[in-house]
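Along the sequence shown, the residues carry numbers beginning at 1. Every heavy atom of this structure was used, including side-chain atoms; hydrogens, water molecules and symmetry mates were not.
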Amino acid sequence: MSMKVMQKTKTIVRYQNQSGQEYYGVVEDGKIFQLNSSFDEVINHQFEFDGVKWNLEDVKIMPPVKPQKVVNFGWTYAEHAKETGGEANLKEPFLFLKPTTSLIPNEGEIVLPPERLTKQVELEGEVALVIGKRGKYIKEEEALDYVFGCTIFNDVTARDLTKTDPQFTRGKGFDTFGPLGPWIVTGLDPTNLRIVTTLNDEVVQDGNTNQMSLSIPYLISWVSQVMTLEPGDVLATGSPSGSCPMKSGDVVTVEVEKIGKLRNYVK
């Protein structure tokens, strides 16, 4: 068992204060304890508190990390693969990247593209991993040591485009199609986390990462054979079944146990 899992969990948030300055902080009991630490220091668990405290509602929560890349694994849950026309129980994951311009924070707006571009935009609630150290050719048994913490992702998808395009970049890549947050929780076991997505307070997805047909350590190891993973990179681990369309005015909330809720407004 790696040391990561034995440590007490910490909730790390990135935010702007009222003057627009950006900080990292540690969340405890609804308060943010501001850090005088860079991201590099934060992911190395070097926390230097500067004495400033905030209420969560008094700051602007940002996506918790500025990744070099957002790596997405598709069809890692058999039922979701079936419902979206994919292949269940793949031997290897289906891989795609999302541009960093897709990222928006908790409470941010998912902006639907004009109908001439897509007529079917769907939600996909997921657990996302934030990489904590550089890795290439990572061994499966060491893979979780490369995870700094877990956060929540909504892999917003133009389903009509992913069904017709030879690859997924366009259907997954629109601006605002990557809600991420609200924060990173360290010290969790990502292989057993319940994911519940609600659309206007109605439950549409209810799954658990323990239902994945490909394990999280395998995914990390597998993708590291292809590309070097860098600190801050986001790995979205795929969506359980229940993906469904969203329309303007909808509110979508992805809740992951032990992490919290990622809520976004569809415009």
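For the atom pair Thr197 OG1 and Lys261 NZ, the distance stands at 12.0 Å (nearest 0.5 Å). Taking CD of Gln34 as the start and OH of Tyr23 as the end, the distance is 5.0 Å to the nearest 0.5 Å. Remark: Asn210 CG to Ile216 CD1 distance equals 10.0 Å, nearest 0.5 Å. With rounding to the nearest 0.5 Å, the separation of OG1 in Thr253 from CG in Asn264 is 8.0 Å. Here the NZ atom belonging to Lys267 is positioned 4.5 Å from the CD atom belonging to Glu109, to the nearest 0.5 angstrom. Taken from CD in Glu255 to CD in Gln205, the straight-line distance is 13.0 Å, to the nearest 0.5 Å.
At distances below 3.5 Å, not a single donor-acceptor pair connects side-chain atoms of Thr237 with backbone N or O atoms of Ala128. A side-chain donor-acceptor contact under 3.5 Å links Asn44 to the backbone of Asp40. The closest donor-acceptor contact from the side chain of Asp233 to the backbone of Pro67 lies at 3.5 Å or more, if one exists at all. Looking at Asn208, its side chain does come within 3.5 Å of a backbone N or O of Leu193 through a donor-acceptor pair. Between the side chain of Asp175 and the backbone N or O of Ile110 there is no donor-acceptor pair closer than 3.5 Å. Judged by distance alone, the side chain of Asn17 and the main-chain N or O of Gly20 form a donor-acceptor pair under 3.5 Å. Within the 3.5 Å criterion, the main-chain N or O of Phe174 finds no donor-acceptor partner in the side chain of Ser102. A side-chain donor-acceptor contact under 3.5 Å links Glu126 to the backbone of Gly238. Remark: the backbone N or O of Lys163 is not paired with any side-chain donor or acceptor of Asp165 at under 3.5 angstrom.
Residue Leu229 comes nearest to Ser224 through the heavy atom pair CD1-CB, 4.3 Å, listed as atom of the first residue, atom of the second, then distance. Of all heavy-atom pairs spanning Ala236 and Asn72, the tightest one is CB-OD1, 3.5 Å.
Annotation: side chain of Val71 is in contact with side chain of Leu95 (closest heavy-atom distance under 4.5 Å). You'll find the side chain of Val204 stays beyond 4.5 Å of the side chain of Thr198, heavy atoms only. Contact check for Lys10 versus Ile12: side-chain heavy atoms found under the 4.5 Å cut-off. Side-chain contact check for Asp206 versus Ile195: every heavy-atom pair is 4.5 Å or farther apart. Contact check for Glu92 versus Tyr218: side-chain heavy atoms found under the 4.5 Å cut-off. Contact check for Ile259 versus Leu188: side-chain heavy atoms found under the 4.5 Å cut-off. With contacts defined as side-chain heavy-atom distances shorter than 4.5 Å, the pair Val234/Leu180 qualifies.
Crowding of Lys69 atom NZ: a count of heavy atoms from other residues, nucleotides or ligands under 6.0 Å exceeding 12. Shown here is Asp201, whose CG atom has no more than 12 heavy atoms of other residues, nucleotides or ligands within 6.0 Å. Shown here is Glu202, whose CD atom has no more than 12 heavy atoms of other residues, nucleotides or ligands within 6.0 Å. Other residues, nucleotides and ligands contribute at most 12 non-hydrogen atoms within 6.0 Å of the NZ atom of Lys91.
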*Step by step, work out the salt bridge (Lys or Arg N to Asp or Glu O under 4.0 Å) result for Asp160 and Lys119.*
CA-CA 7 Å; Asp160 47 356; Lys119 294 177 177 59; over 6 Å; no
*Does the pair Gln120 and Glu122 meet the rule for a side chain to side chain donor-acceptor pair (under 3.5 Å), with working shown?*
CA-CA 6 Å; Gln120 186 185 3; Glu122 299 195 353; 2.8 Å; yes
*Before giving the answer on side chain to side chain donor-acceptor pair (under 3.5 Å), spell out for Thr118 and Arg159 the whole-Å C-alpha distance, their side-chain angles and the decisive distance to 0.1 Å.*
CA-CA 8 Å; Thr118 172; Arg159 189 77 63 204; over 6 Å; no
*Kindly determine whether Phe73 and Phe96 satisfy ring pair (Phe, Tyr, Trp, His ring centres under 6.0 Å), including the steps that lead there.*
CA-CA 7 Å; Phe73 299 104; Phe96 58 94; 8.8 Å; no
*Test salt bridge (Lys or Arg N to Asp or Glu O under 4.0 Å) on Glu22 and Lys60 and set out the steps.*
CA-CA 9 Å; Glu22 210 173 279; Lys60 184 184 180 204; over 6 Å; no
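The pair Glu124-Lys172 meets the salt-bridge criterion, since a charged nitrogen lies less than 4.0 angstrom from a carboxylate oxygen. Using a 4.0 Å cut-off between charged nitrogen and carboxylate oxygen, Arg134 and Glu230 count as a salt-bridge pair. Between Lys98 and Asp155, at least one side-chain N (NZ, or NE/NH1/NH2) sits under 4.0 Å from a carboxylate O, which counts as a salt bridge.
Using bins of under 30°, 30° to 60° and over 60° for the plane-to-plane angle, the ring pair Phe148/His45 lands in the tilted bin. Between Phe39 and Tyr24, the two ring planes are tilted [angle within 30° to 60°].
Side-chain polar atoms of Glu140 and Ser221 form no donor-acceptor pair below 3.5 angstrom.
With ring centers used as reference points, Phe33 lies 6.0 Å or more from Phe47.
Between Trp183 and the choices Leu262, Val26, Asn106, Val27, the side-chain contact (heavy atoms from CB on, under 4.5 Å) rule is met once, by Val27.
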